[in-house]
Amino acid sequence: MSAHPEDHRALLLRVARRAMVDRGLEPDFPRAVQTEVDRLRGPAPAGDAEDMTALPWCSIDNDDSRDLDQLTVAEAMPDGAARVRVAVADVDAIVTQGSAVDDHAHANTTSVYTAARVFAMLPERLSTDLTSLNPDQDRLALVVEMRVDRDGRVTASRLTRARVRNKAKLAYPSVGAWLQGQGAQPPGIAAVAGLADNLRLQDTVAQTLRRNRQQQGALELQTLEPEARLVDGRVGALELKPRTRADDIIEDFMIASNGVTAAFLEAHRFPVMRRVLRSPERWARIVALAADCGDTLPGAPDAAALNTFLVRQRARDPQRFPDVSLSVIKLLGRGEYFATFPGEAEAGHFALAVTDYTHSTAPNRRYPDLITSRLLKAALAGGPVPYARDQLTALATHCTMRQDDAQKVERLVRKAAAACLLEDQIGREFDGVVTGASDKGTWVRVFDPPVEGRVERGAQGLDVGDRARVRLISTNPERGFIDFERVGHRPLGNHRHR
């Protein structure tokens, strides 16, 4: 099925909306939500929150992001340690539990990102204005303060409610290029006195945090999700966003602050909505994948050993490392939300090598983060837990299911965009790697362009991690179908002889 070039955006929007409805997600805000938002007069008042507006806060996000959830700042200490602060938007100050806005956020639990449109969890007036940490605007935030020593260990921390002000809205590509010596200093940095040195300090601290996590067994994974570039309504290309050290700053600071948040709630005898990845689902296949690359892994799941293999593989073959990384991610299985309560055993996150881990830093975009914000504020105020045990347990299950639904919608729209791009290339052959193999079917991701499709013919004997040469036999943008037939196959055991 082919779409007229000018209709690609409309087609992708139609695919996204239909997929959301089919999975029980709400693509539109109910009228009660808009009525509630229209009554708001402005951002939440500061009250008795601590004043931190003088600090050189900045946000680093995607170029087109308008829902700013967090700000960061760092300060060097005399003993060589650093004080890192992460400010997270206090969305709960406006989106109160049980409100119409909260009910819709609970229904979807996450923003859904597609090439045609972002289906935001919260109305735009909130997520891009009243609850967003926008430049030169005073906003309420929950601030996580951490003392990070020279070895990347968090040795002390505190949490507080504060009033903050974003001094510079920055973006990953330009900040990353500048930090890596590959680009000019972004104007937003130069406009704020001392911000350049502060960002360099943040970069240094983030790298020490990352090294420490890796020493504890955190996995060095790299994923590449192509984004469709629409030109005059047509899918013109699929682009991969390169990862930079600016991405590392935010990722490492967020992981650290999530850990501090979970530990704080535990210390106050509060429940924790954890994000967990249990033991890998297909460890034996991961062992075989490592053996094919010339490495040996133990028979039982071992995060530290797996990370050592990944680090070596990245150094040996950086161009193909994303393919190995993607295979490992598929074999690890999915993460899930899990509520734990005082006195119960903690569930760890295999890939991060941590047990104290929750989602708390993106409340404009994820409902579990909003739940955690409410737990934190109650603990800080010395109040009761705002959720009953059964309620929190049910919310964890609901958020896991909804995140899976949202990811499937996003993946379907990516495939629909890829099908639009490939619709005139039937018969072309591609090299790729197998990313899925089960009773439901076999999937391969081809390298150029970076798209995934189903192997409809000749899938026998293929498994995750195998290299395969395939021929495109059909596309269906409306259904997000890209179908291949196998032309050649390199099973595990042959890759290193290529």
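Numbering of residues begins at 1 and proceeds along the displayed sequence. Please read these numbers as outputs of a predicted model, since none were measured by experiment. As a basis for the values below, the full set of heavy atoms in this structure was taken, side chains included, without hydrogen atoms, waters or symmetry mates.
- Nearest heavy-atom pair, Ala419 versus Ile482, reported as atom, atom and distance to 0.1 Å: N-CD1, 3.8 Å.
- Of the inter-residue distances, the one linking Met121 atom CE with Thr109 atom OG1 reads 8.0 Å to the nearest 0.5 angstrom.
- Remark: side-chain polar atoms of Ser257 are paired, donor with acceptor, to backbone N or O of Met254 under 3.5 angstrom.
- In this structure, the side chain to side chain contact (heavy atoms under 4.5 Å, CB included) partners of Arg454, at least two apart in sequence or on a different chain, are Trp443, Glu456, Asp483.
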message: Go through it in stages, so that I can follow the logic: the residues are Val143 and Val86, the test is side chain to side chain contact (heavy atoms under 4.5 Å, CB included), and I'd like the CA-CA distance, side-chain angles, deciding distance and then a yes or no.
response: CA-CA 6 Å; Val143 175; Val86 175; over 6 Å; no
- request: Apply side chain to side chain contact (heavy atoms under 4.5 Å, CB included) to the pair Arg467 and Asp431, showing each step before the final yes or no.
  value: CA-CA 7 Å; Arg467 297 286 175 87; Asp431 290 315; over 6 Å; no
- prompt: Do Asp252 and Arg213 pass the salt bridge (Lys or Arg N to Asp or Glu O under 4.0 Å) test, and can you show the C-alpha distance, the side-chain angles, and the key distance before you say yes or no?
  reply: CA-CA 9 Å; Asp252 291 308; Arg213 284 194 299 108; 2.5 Å; yes
- request: Could you check Thr261 against Val88 for side chain to side chain contact (heavy atoms under 4.5 Å, CB included), going step by step and ending with a plain yes or no?
  value: CA-CA 11 Å; Thr261 295; Val88 178; over 6 Å; no
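- Asn166 contributes a side-chain N or O that, together with a main-chain N or O of Leu133, makes up a donor-acceptor pair within less than 3.5 Å.
- The backbone N or O of Met52 lies less than 3.5 Å from a partner atom in the side chain of Trp57, making a donor-acceptor pair.
- Residues Lys415 and Glu452 have side chains in contact (heavy-atom distance under 4.5 Å, counting atoms from C-beta outward).
- Within the 3.5 Å criterion, the main-chain N or O of Ala74 finds a donor-acceptor partner in the side chain of Asn198.
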message: Under the criterion side chain to side chain donor-acceptor pair (under 3.5 Å), I'd like the reasoning laid out for His8 against Glu423: C-alpha separation, chi angles, the key distance, then a yes or no.
response: CA-CA 12 Å; His8 282 176; Glu423 59 188 344; 3.2 Å; yes
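- Distance CG/Leu209 to CG/Asp248: 11.0 Å, rounded to 0.5 Å.
- Each of Asp369, Thr372, Asp90 was checked for a side chain to side chain contact (heavy atoms under 4.5 Å, CB included) with Pro363, and the lone residue meeting it is Asp369.
- Of all non-hydrogen atoms in Cys293 and Phe309, the two that sit nearest each other are CB-CE1, 3.9 Å.
- At a threshold of 4.5 Å between non-hydrogen side-chain atoms, the residues Leu170 and Ile189 count as touching.
- One distance of note links CG of Asp69 with OG of Ser59; it measures 10.5 Å at 0.5 Å rounding.
- A salt bridge is absent between Arg9 and Asp232: the closest approach of a Lys/Arg side-chain nitrogen to an acidic carboxylate oxygen does not fall below 4.0 angstrom.
- Counting heavy-atom neighbours within 6.0 Å of Arg479 CZ, excluding the residue itself, gives a total of 12 or less.
- Remark: Glu124 CD is loosely packed, at most 12 non-hydrogen atoms of other residues, nucleotides or ligands lying under 6.0 Å away.
- Between the CD1 atom in Ile250 and the CD1 atom in Ile60 there is a gap of 4.5 Å [rounded to 0.5 Å].
- Here Leu375 contributes atom CG and Asp92 contributes atom CG; the two are 10.0 Å apart, rounded to the nearest 0.5 Å.
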field: Candidate pair Arg275 and Gln403, rule side chain to side chain donor-acceptor pair (under 3.5 Å), full reasoning
entry: CA-CA 12 Å; Arg275 182 66 179 172; Gln403 184 184 67; 2.5 Å; yes
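- In this structure, the side chains of Val444 and Phe484 come closer than 4.5 Å at one or more pairs of heavy atoms.
- The pair Asp67-Arg365 meets the salt-bridge criterion, with a side-chain N (NZ, NE, NH1 or NH2) lying under 4.0 Å from an Asp/Glu carboxylate O.
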For residues 31-38, tabulate all N or O donor-acceptor pairs below 3.5 Å that involve a side-chain atom, not counting sequence neighbours.
residue, atom, partner, partner atom, Å
Gln34, NE2, Asp38, OD1, 3.0
Thr35, OG1, Arg31, O, 3.1
Glu36, OE1, Ala100, N, 3.2
Glu36, OE1, Val101, N, 2.9
Glu36, OE2, Ala100, N, 3.0

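- A donor-acceptor pair is defined here as one N or O able to donate and one able to accept, closer than 3.5 Å; such a pair exists between the side chain of Arg486 and the backbone of Gly458.
- Counting heavy atoms from C-beta on, the side chains of Cys58 and Lys167 never come closer than 4.5 Å.
- Between Lys169 and Pro135, the closest heavy-atom pair is CB-CG, 3.5 Å.
- Inter-residue side-chain proximity for Met20 and Glu26 is flagged as unmet; no heavy-atom pair is nearer than 4.5 Å.
- In this structure, the separation between SG on Cys399 and CD1 on Ile371 is 4.5 Å, given to the nearest 0.5 Å.
- Between Thr114 and Val118 there is no side-chain heavy-atom pair separated by less than 4.5 Å.
- Arg66 and Asp129 are not joined by a salt bridge, as no carboxylate oxygen comes within less than 4.0 angstrom of a charged side-chain nitrogen.
- Contact annotation: the side chain of Val451 never approaches that of Arg445 to less than 4.5 Å [non-hydrogen atoms, C-beta and beyond].
- Between Arg14 and Leu11 there is a side-chain heavy-atom pair separated by less than 4.5 Å.
- Across Gln70 and Thr361, no two heavy atoms sit closer than the pair NE2-O, 2.8 Å.
- In this structure, Asn108 contributes its side chain and Thr110 its backbone to no donor-acceptor pair below 3.5 Å.
- With hydrogens and angles ignored, the 3.5 Å screen pairs a side-chain donor or acceptor of Arg402 with a backbone N or O of Gly24.
- Ion pairing of Arg285 with Asp466 is present here, as a side-chain N (NZ or NE/NH1/NH2) and a carboxylate O approach within less than 4.0 Å.
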message: side chain to side chain donor-acceptor pair (under 3.5 Å), that's the test. Do Asn134 and Ser132 meet it? Break it down for me.
response: CA-CA 5 Å; Asn134 290 342; Ser132 179; 2.7 Å; yes
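- Closest of all the heavy-atom pairs between Ile94 and Pro43 is CD1-CA, 4.0 Å.
- Between Glu251 and Arg245 there is no salt bridge, since no side-chain N of the basic residue sits under 4.0 Å from a carboxylate O of the acidic one.
- Applying the ring-ring contact (aromatic ring centres under 6.0 Å, His included) test to residues at least two apart or on different chains, the pairs with a partner in residues 11-40 are Phe29-His104.
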message: For Arg457 and Val487: C-alpha separation, side-chain torsions, deciding distance, then whether side chain to side chain contact (heavy atoms under 4.5 Å, CB included) applies.
response: CA-CA 9 Å; Arg457 302 173 190 163; Val487 177; over 6 Å; no
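- Side-chain contact of Thr72 with Gln202: a donor-acceptor pair under 3.5 Å is present, judged by distance alone.
- Salt bridge Lys408/Asp405: absent, no basic N to carboxylate O contact under 4.0 Å.
- Judged by distance alone, the side chain of Thr400 and the main-chain N or O of Ala396 form a donor-acceptor pair under 3.5 Å.
- At a threshold of 4.0 Å, the pair Lys241-Glu227 does not count as salt-bridged, since none of the basic side-chain nitrogens sits closer than that to a carboxylate oxygen.
- In this structure, the ring of His398 has its center no less than 6.0 angstrom from the ring center of Tyr367.
- Minimum interatomic distance between Ile426 and Ser474 (heavy atoms only, all atoms of both residues): CD1-CA, 3.7 Å.
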